[in-house]
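When a residue number appears, it is its place in the shown sequence, counting from 1.
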Amino acid sequence: MIAVLKQGATGEQIRFLTHWLEGMGLQVHAYPCNDVIILGLIGDTQHMDIQLLQSMEIVEKVQPVSEPFKQASRKFHPDDTVVTVGSAKFGGGHFSVIAGPCSVESESQIIQVAQSVKDAGAQILRGGAFKPRTSPYAFQGMGVDGLALLRVAREATGLPICTELMNIHQLELFQDMDMLQIGARNMQNFELLREVGRTHKPVLLKRGLSSTLQELLMSAEYIMQEGNTNIILCERGIRTFETATRNTLDLSAVPALQEMSHLPVVVDPSHGTGKANLVPAMALAATAAGADGLMIEVHNDPANALCDGAQSLTTKQFADLSKRIAKMREGMKQ
């Protein structure tokens with residue numbers, strides 16, 4: 001439920017109303033919007049006297065929020081949320097690119113790729129230290145050593161780090177990582193989501209392989225329920241009957257999510273297609289669809305990559321694509 005306050009409501013009046021609502025066992029979140037304050041009410045409002053709330057001097061109107069995801073709802077928070085990671089911003093008209101290899105393989109590899117993507121305009125370095133793989137015999141990542149190399153790359157380039165967290169027990173190892181990635185397979189790992197919510201770190205939340213948009217937003221709600229609103233939603237393709245691509249990249253998710261929620265939305269065309277030759281077209285299409293950013297896999301030697309080389313761009317291909325994206329975004333402003 002939301003309560004829209006009248007223009008001119010004083011701080012003292014708002015504090016009194018907030019205290020009264022909290023006394024009823026509700027969580028109250030205040031958001032400024034177009035010169036008014038919106039109070040988002042979380043909790044059991046079923047037995048609340050709505051007419052009494054509506055009659056209060058500073059209340060303009062009271063409106064139920066029908067969606068099961070309350071805090072992530074656009075009704076609850078009409079203005080776009082802007083998530084900041086280092087110098088990168090997502091949402092509210094801001095657009096940033098996350099780029100780097102699927103996994104960290106060596107110091108020379110991660111530093112070379114980090115410097116290349118930075119020179120091409122990427123604002124955040126991605127790289128997996130722990131890798132969830134379908135096969136137990138596939139490369140599982142360098143683990144703690146991979147995190148150490150990401151720190152080295154950050155020191156060398158100044159780029160903030162986005163890397164995947166796989167379970168609660170690893171959380172202590174990620175304390176100095178700049179953005180935590182929750183992968184598709186963990187989108188509904190609710191205990192992990194709660195723990196990540198308590199960190200207040202920026203979170204990249206990837207859509208599950210067979211998840212609906214509502215399920216994605218409900219997962220975001222678990223994080224927000226613990227007080228962390230720094231969430232970026234990521235469309236990375238869903239599993240369908242189509243076999244020509246690794247997944248089916250659902251670009252309609254971008255405008256749909258932006259209508260449903262205030263959280264920024266980025267697109268991962270690398271996992272979405274599984275084929276490097278399709279990534280540029282889908283990255284440009286995602287940009288045209290209004291995405292708040294992109295996540296792209298880049299490797300200095302894709303043919304010999306230990307993980308997902310087939311979907312990784314070379315550093316030169318990424319530099320060329322970055323120029324095309326910049327040109328498209330400039331054209332979209334006109």
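Looking only at distances, a side-chain donor or acceptor of Ser116 sits under 3.5 Å from a matching main-chain atom of Gln112. At least one donor-acceptor pair under 3.5 Å links the side chain of Asp268 to the backbone N or O of His271. A donor-acceptor pair is defined here as one N or O able to donate and one able to accept, closer than 3.5 Å; such a pair exists between the side chain of Arg74 and the backbone of Pro78. Looking at Glu105, its side chain does come within 3.5 Å of a backbone N or O of Leu306 through a donor-acceptor pair.
Across Gln170, Lys201, Glu195, a single residue satisfies side chain to side chain contact (heavy atoms under 4.5 Å, CB included) together with Leu180, and that is Lys201. With Val203 as the partner, the side chain to side chain contact (heavy atoms under 4.5 Å, CB included) test is satisfied by one option alone out of Thr229, Leu193, Ile182: Ile182. Each of Arg236, Glu235, Met187, Glu164 was checked for a side chain to side chain contact (heavy atoms under 4.5 Å, CB included) with Lys206, and the lone residue meeting it is Arg236.
To the nearest 0.5 Å, atoms CZ (Phe16) and CD1 (Ile58) are separated by 9.5 Å.
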Task: Verdict with supporting geometry, Asp119 and Gln115, side chain to side chain contact (heavy atoms under 4.5 Å, CB included) - done: CA-CA 6 Å; Asp119 292 344; Gln115 191 60 60; 3.0 Å; yes
TODO: I would like to know whether Leu171 and Leu165 meet side chain to side chain contact (heavy atoms under 4.5 Å, CB included); could you show each step before the answer?
DONE: CA-CA 7 Å; Leu171 197 53; Leu165 173 69; 3.5 Å; yes
Task: Worked check of side chain to side chain contact (heavy atoms under 4.5 Å, CB included) between Lys131 and Cys102 - done: CA-CA 9 Å; Lys131 298 300 301 179; Cys102 176; 3.3 Å; yes
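There is no side-chain donor-acceptor pair under 3.5 Å between Gln188 and Glu215. Side-chain contact, Glu226 with His200: no donor N or O sits under 3.5 Å from an acceptor N or O. Checking Arg133 against Ser103 by side-chain atom types alone, no donor-acceptor pair falls below 3.5 Å.
Between Gln123 and Leu159 the shortest heavy-atom distance is O-CD2, 3.6 Å. Between Cys162 and Leu204 the shortest heavy-atom distance is SG-CD2, 4.2 Å.
By the 6.0 Å contact criterion, CZ on Arg324 is open, its count of non-hydrogen atoms from other residues, nucleotides or ligands being 12 or less. Atom CZ of Arg151 is surrounded by more than 12 heavy atoms from other residues, nucleotides or ligands within 6.0 Å. Counting non-hydrogen atoms of other residues, nucleotides and ligands closer than 6.0 Å to CD of Glu12 gives a total of 12 or fewer. In the displayed structure, Glu57 atom CD is contacted under 6.0 Å by at most 12 heavy atoms of other residues, nucleotides or ligands. Summarising the local packing, NZ of Lys6 is surrounded by more than 12 heavy atoms from other residues, nucleotides or ligands at distances under 6.0 Å.
When the ring-ring contact (aromatic ring centres under 6.0 Å, His included) test is applied to Tyr222, the partners found at least two apart in sequence or on another chain are Phe190.
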